[in-house]
2 protein chains.
Amino acid sequence: MKAEPVKDEDESKGRRLKGVDAQKLTMAEVAKYVGVSAMTVSRAFRQDASVSEETRKRIMEAVDALGYVLDLSAGSLSSRRSGFIAALVPSINNSNFSDTARGITDALENTGLQLLLGYTDYSAEKEEKLIEAMLRRRPEGIILTGGSHTDRARRMLDKAGIPVVETWEIPEEPINHVVGFSNSEAMSLLVRALASQGYRRFGYIGGTTARDTRGSQRRSGFLKTVEELGLGPGRAISFGVPPITMEQGGQAVVSLLERWPDTEVVLCVSDLSAFGAIMECKRRGMRVPEDIAIAGFGDYEISSICHPSITTINVDCYGIGRQAAAKLLDAMQAGGEATGDEITLTGYRVVLRESTERGAR
Amino acid sequence: MKAEPVKDEDESKGRRLKGVDAQKLTMAEVAKYVGVSAMTVSRAFRQDASVSEETRKRIMEAVDALGYVLDLSAGSLSSRRSGFIAALVPSINNSNFSDTARGITDALENTGLQLLLGYTDYSAEKEEKLIEAMLRRRPEGIILTGGSHTDRARRMLDKAGIPVVETWEIPEEPINHVVGFSNSEAMSLLVRALASQGYRRFGYIGGTTARDTRGSQRRSGFLKTVEELGLGPGRAISFGVPPITMEQGGQAVVSLLERWPDTEVVLCVSDLSAFGAIMECKRRGMRVPEDIAIAGFGDYEISSICHPSITTINVDCYGIGRQAAAKLLDAMQAGGEATGDEITLTGYRVVLRESTERGAR
DNA sequence: AGGCAGGATGATATCGATAACAATCTGAAG
DNA sequence: CTTCAGATTGTTATCGATATCATCCTGCCT
């Protein structure tokens, strides 16, 4: 019986304990310390609840003194609100998507909601697994990238009964809400802008696999528009597995120019591959845009800084995140009522820069 | 009274319900459906537990048929294991840190652990808030970037009784475990490498505020080494608030060259600012490295692709994440016992590239 | 003086899983 | 035939907070 205090003293002098005696603190103990009930402590942690200012102050002092930290997992069980939002992006290493993630996080600030972030690596199977993993935490809403999901994923989402926001494109069969834009039309706009500058022989770099649906849409937008403008069949080549890296962009432009040496302008599935293509051209002594014009997609930071600066489509990545989160919050508040599944179109615009300047020719 | 069933029917034909009747499914109901106890269902979800293969199969079929999804928040309450790992990085838009985040995520795969990711925006105050928010979810371990934390943050971490891993630098007073390297020595190595190539007049771009401690350490490593080599006082300038962007890198190099026109080589706090500096120089008609040599830090993808390719320090960002997570897992398994607070040094190396080539001069 | 609204606080049941222990069953050993 | 180890399954209490309803008190109105 007397062993315990001795042990305590002993350990307190050494390394801090781990899970031995630390963090055992519960709300009830704080309550006892203050001389109120646990319920009152619970109320003190929320701003809306009715606790006298004086009591709240005493409680918070005790919380501070004892070092108590609220346990949300216990709370969410009884309140039936997990306080989680899930979001899945293809990759967090792609700054377009990390901008979106940041938009989501920022929109969630001060809502008390915690973001559960996952990355699918552009795979629908991985997405399915992640969706299940996320749903096990009972998120109150979920944000996805793109509109292609496995059947099981769709079923799980349906059954979960929480609002879903799909982003970054316009799915053919939206699950619920959508915040995005037509990648096909955006690419089309870029083709037309360059055609109106006098470009005629268009090349394209970017895959077509089901993995990157946005990439495929951009590609088909390119092909369709080149056709519509009567500029012959577009010269499109794929290279590697999406997402295409900078390096692959460089390799791809070489292949493309070998095959169609008279190509005037090359559009790329993203700024990253465009950057790689430009750098490779320069390395080989070609001038951009004098010898070959190159454009990207996404308006990454790199594109405005690069020399030559890169013509691209600016997408409001951050805004997509913010709006998706805002929409989710709306839907969550509305509960099951109304809030029809709307499609929010986000803007995009052509940004003409040095890499496709026509004058220099 | 009769309005309700009508409404129900009505809704079931339209949009799916949200939280009305969905997701009410509990383990007990699955159990009843199969004809076993809830405990058996619970066991069936874990591989180790003893459930006959036949029963498990029947249960899993029922789970599938009913669309049941495990509720981990309930489980973690009774098992006292949240299944969470928390990680805080300065920014997720910086590919160095997102690489680390990916390393952590990958290391966590198949452990059943879920990553809670937060970004501090290089602010210790924001970090403190995030730590509290994370601790409310009772993570089983936490990974931090850097070693400067507020007092309250340190106290909370201490009290939490969970393993902590600090990364990306070597703190003076480590909390617990460390996975990182000396930013000062790494920068020093780069200075010496360039000095041995014959460079004498060194410039530096990068801030010194407490916000970015790694940046400050690199700067002081630079200044110290230049001094040690007898190469006069280093020409260091700050620019903007860390983290320095590509654009600021460009502005900074202009200021630096205005002030010290005969500078031979400019070292930058990161590849991003180095890239901005190089592009700005080229835009102004300067040749890199012939007129001015420039080096970065971090070996971002951009640096090997860029023309000229950028001399830098390669850091194993991904490995830092993996190792930090591995260390955390070790410490978690060990519980409170042993597992001294070790420091794991991660490697770095100078990568000489075109941007500091000497021959061309 | 009585009554009552409304603020502050407390008591108790509960959220949905799991820990811990009990019970049952099977087959093999004695 | 009995016994017992080991495999399988069930029962009950519990994790730590919150929903809900009950209680108490104060002050104001009639």
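Not measured: the values here are computed from a predicted model.
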In short, salt bridge (charged side-chain N to carboxylate O under 4.0 Å, His left out) pairs touching residues 139-148 of chain A with sequence neighbours left out are A/R81-A/E140
Sequence neighbours excluded, the answer for side-chain hydrogen bond (donor to acceptor under 3.5 Å, both in side chains) partners of A/T55 is A/S52
Exercise. NA contact type, A/S52, heavy-atom cut-off 4.0 Å: base, sugar-phosphate, or nothing?
Worked result: sugar-phosphate
So, is B/T26 near the phosphate of C/dA17, with a side-chain N or O under 4.0 Å from OP1 or OP2?
-> yes
For A/A31 and A/A38, the nearest pair of non-hydrogen atoms, with its separation, is CB-N, 3.5 Å
Hits for side-chain hydrogen bond (donor to acceptor under 3.5 Å, both in side chains) against B/R322, two or more places apart or cross-chain, chain-then-number order -> B/Y318
Quick note, salt bridge (charged side-chain N to carboxylate O under 4.0 Å, His left out) partners involving residues 109-128 of chain B, not counting sequence neighbours, are B/E128-B/R152
With sequence neighbours left out, the residues meeting side-chain hydrogen bond (donor to acceptor under 3.5 Å, both in side chains) with A/S73 are A/D71
B/R56 CZ to D/dA7 P, in whole Å, measures 14 Å
Residue pairs meeting ring-ring contact (aromatic ring centres under 6.0 Å, His included), one or both in residues 97-133 of chain B, sequence neighbours left out, come to B/F97-B/W168
So, with a heavy-atom separation below 4.0 Å from DNA chain C, the residues of residues 70-82 of chain B are B/D71, B/A74, B/G75, B/L77, B/S78, B/S79
In numerical order, the residues of residues 33-46 of chain A whose heavy atoms come under 4.0 Å of DNA chain D are A/M39, A/S42, A/R43, A/R46
Residues at least two apart in sequence or cross-chain that pass side-chain hydrogen bond (donor to acceptor under 3.5 Å, both in side chains) with B/S37, listed by chain then number, are B/T40
